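Written out below as structure tokens is the structure these notes cover.
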Amino acid sequence: MASERGEPGCIAITGPTACGKTDLALILAREFPIEIISMDSAMVYRGMDIGTAKPDAATRAEVRHHLIDILDPEESYSAGRFAAEARRLVGEIRSRGKLALIVGGTMLYLKAMREGIAELPERDSAIRAEIDARAEALGWPALHAELEALDPEAARRIEPGDRQRIQRALEVHAITGRPLTELQREGTARATVFDSLALIPANREALAQRIERRFDHMVRQGLVEEVRALRARTALSADSSSMRAVGYRQVWAFLDGRWGWAEAAERAVIATRQLAKRQLTWLRSDSRSDRLDAEDPGVLELLRRRVGRALDNS
RNA sequence: GGCUAGGUGGCAGAGUGGUGAUGCAGCGGCCUGCAAAGCCGUGUACACCGGUUCGAUUCCGGUCCUAGCCU
């Protein structure tokens, strides 16, 4: 229906981890003039290949991929950057006469791109460190109370224990001198309209098993070595946002000696399952995505039709 | 067979004569620059059968299990 909305050149395929979206996207990309835009908050990092199930070099030589390997793991990405960069890429790909296929499971990025995101300052490490120090001394509920005074509306919707959001709201206020809520109200332009197809595994139990098998596979591929190499980077720590990723965090803890291997592996699988659950929760309430049964053998054919139609319209 | 210590929700693990301990997992949900993150919510558990009691998971007796020791 993209054409009917006058928007174009772009389709998203999303779904929880390990639902098969990458494989399907590659099949499509080999059959149609497509470039893939990765919508994945972990594949952006260089050196994080095995644990993110990143498409390998041969595949990427064959099918053009974007927003993979664009940052060092010490850096941080953001939904705002994704929205801006993906939008720009869609235009570029279109100008080459190709279809941009957005593939990934980072739902906030999908939302930021589709609905637009307010123009806010980027994170500021110095200010965050300062806020963390105060939280250490006073506790997050105390900072929540401070936020109450600066931005009552934000305080109302943010839980007193939600350090991440309290921190961001205080950070934005510290940088701009204005309440986050106000800034968010002002600028949520630049939405991009496009179809998105959500692959939903009908069987949770089967998904859980696939997750477990996939983790075992990653370990055989050398996940532990990959994390060991990352740990050698002095600028990287367990607190880095890249190292909070599922799998990496747990293997890091194992290498620290905090957990035995059995425990680390089990926790990695659990964390991945929980991630999938959160993704499914997001998709359940997302009325703007078409929900497809990931296990239905007919999905590929369905995707082919959607892609073909989108190409005809652009 | 005897003695001793135990049997608490899927798991771990406190506790009390009468207000849902807690943690983990699971399940549901939230989501505006860390999102593979962060957070919120969610359980008529007290082995079984009697007894005492206004009231027993908690006290008493028995039964059945489990572990250790003894013969």
Side-chain angles (χ1 to χ4, degrees), chain A residues 16-18 38-45 48 51-54 71 73-85 104-125 127-128 131-132 135 140-141 144 151 153-154 156-169 171-172 175-176 179-191 204-205 208 211 214-215 218 237-252 259 263 266-286:
Chain A
T17 0
S38 162
M39 182 174 71
D40 188 301
S41 62
M43 287 192 200
V44 295
Y45 297 111
M48 293 172 63
T52 61
K54 199 180 280 179
L71 291 183
E74 308 50 33
E75 304 177 276
S76 285
Y77 202 53
S78 73
R81 275 185 68 180
F82 173 81
E85 286 167 14
T106 303
M107 302 305 163
L108 176 63
Y109 290 4
L110 179 65
K111 179 186 157 122
M113 190 179 175
R114 267 201 307 204
E115 299 177 15
I117 188 162
E119 280 187 34
L120 300 174
E122 295 244 359
R123 58 186 286 160
D124 181 309
S125 305
I127 289 173
R128 287 194 181 191
I131 294 170
D132 280 340
W140 286 105
H144 185 263
D151 186 347
E153 212 175 313
R156 214 170 309 127
R157 61 168 198 267
I158 298 172
E159 297 283 342
D162 194 344
R163 48 210 146 93
Q164 201 168 270
R165 292 196 175 79
I166 295 169
Q167 181 179 61
R168 161 102 283 230
E171 174 188 49
V172 169
I175 294 170
T176 64
L180 172 66
T181 307
E182 209 176 291
L183 295 166
Q184 286 177 169
R185 240 197 307 268
E186 281 173 14
T188 306
R190 322 227 64 185
R204 267 265 193 116
E205 187 53 41
I211 285 170
R214 195 173 68 156
F215 182 75
M218 286 173 177
S237 79
D239 295 327
S240 307
S241 47
S242 61
M243 289 304 109
R244 308 242 273 241
V246 153
Y248 290 88
R249 173 186 284 188
Q250 290 76 211
V251 173
W252 187 293
W259 293 334
E263 179 167 16
E266 191 193 347
R267 289 197 193 228
V269 170
I270 288 169
T272 310
R273 218 189 288 142
Q274 292 174 332
L275 162 65
K277 180 170 129 75
R278 271 179 273 131
Q279 290 171 310
L280 287 168
T281 297
W282 199 302
L283 290 171
R284 213 170 285 140
S285 63
D286 175 21

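Because the structure is a prediction, the values reported are computed rather than measured. Numbered from 1 within each chain, the chains take letters A, B, ... in sequence-line order.
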Flag if over 12 foreign heavy atoms under 6.0 Å of CD, Glu74(A): yes

Residues, nucleotides or ligands: over 12 heavy atoms within 6.0 Å of Glu75(A) CD: yes

4.5 Å side-chain heavy-atom contact, Thr17(A) and Arg214(A): yes

Test item: Arg163(A) and Gln167(A) side chains (from C-beta on) under 4.5 Å apart, heavy atoms: no

Lys/Arg-Asp/Glu bridge criterion (N-O < 4.0 Å) met for Glu153(A), Arg185(A): yes

With rounding to the closest Å, how many angstrom separate the [atom1] atoms on [N] and [M]?
N: G10(B); M: C27(B); atom1: P; answer: 16 Å
N: A47(B); M: A12(B); atom1: P; answer: 15 Å
N: G13(B); M: C46(B); atom1: C1'; answer: 13 Å
N: G38(B); M: A56(B); atom1: P; answer: 46 Å
N: A14(B); M: U22(B); atom1: P; answer: 15 Å
N: C65(B); M: G23(B); atom1: C1'; answer: 27 Å
N: U8(B); M: A21(B); atom1: C1'; answer: 12 Å
N: U42(B); M: G1(B); atom1: P; answer: 49 Å

For G33(B), glycosidic torsion class - syn if within 90° of 0, otherwise anti: syn

Classify [X] by what it touches in the nucleic acid, base, sugar-phosphate, or nothing, heavy-atom distance under 4.0 Å.
X: Ser41(A); result: base
X: Ala112(A); result: nothing
X: Arg128(A); result: base
X: Arg249(A); result: sugar-phosphate
X: Arg244(A); result: base
X: Gly247(A); result: nothing
X: Ser240(A); result: nothing
X: Lys277(A); result: base
X: Leu120(A); result: base
X: Phe82(A); result: nothing
X: Tyr77(A); result: sugar-phosphate
X: Arg204(A); result: sugar-phosphate
X: Gln167(A); result: base

Partners passing salt bridge (charged side-chain N to carboxylate O under 4.0 Å, His left out) against Arg165(A) (at least two apart in sequence or in another chain): Asp162(A)

Leading and trailing nucleotides of RNA chain B with any atom under 4.0 Å from heavy atoms of chain A: A25(B) to C40(B)

Side-chain donor/acceptor of [X] to backbone N/O of [Y], under 3.5 Å:
X: Ser237(A); Y: Asp239(A); result: yes
X: Tyr248(A); Y: Ser242(A); result: no
X: Lys111(A); Y: Ala79(A); result: no

Of Ser242(A) and Pro121(A), the one whose closest RNA chain B nucleotide lies more 5': Pro121(A)

Closest-nucleotide ordering on RNA chain B, the 5'-leading residue of Gly105(A) and Ala79(A): Ala79(A)

Dot-bracket line, read 5' to 3' along RNA chain B, where crossing pairs take [ ] and | marks a partner on another strand, Watson-Crick or G-U under 3.5 Å: (((((((..(((.....[...))).(((((.......)))))....(((((..]....)))))))))))).

Spacing of CD belonging to Glu171(A) relative to CD1 belonging to Ile131(A), to within rounding of 0.5 Å: 6.0 Å

Side chain to side chain contact (heavy atoms under 4.5 Å, CB included) assessment of Tyr77(A) paired with Glu85(A): CA-CA 11 Å; Tyr77(A) 202 53; Glu85(A) 286 167 14; 2.7 Å; yes

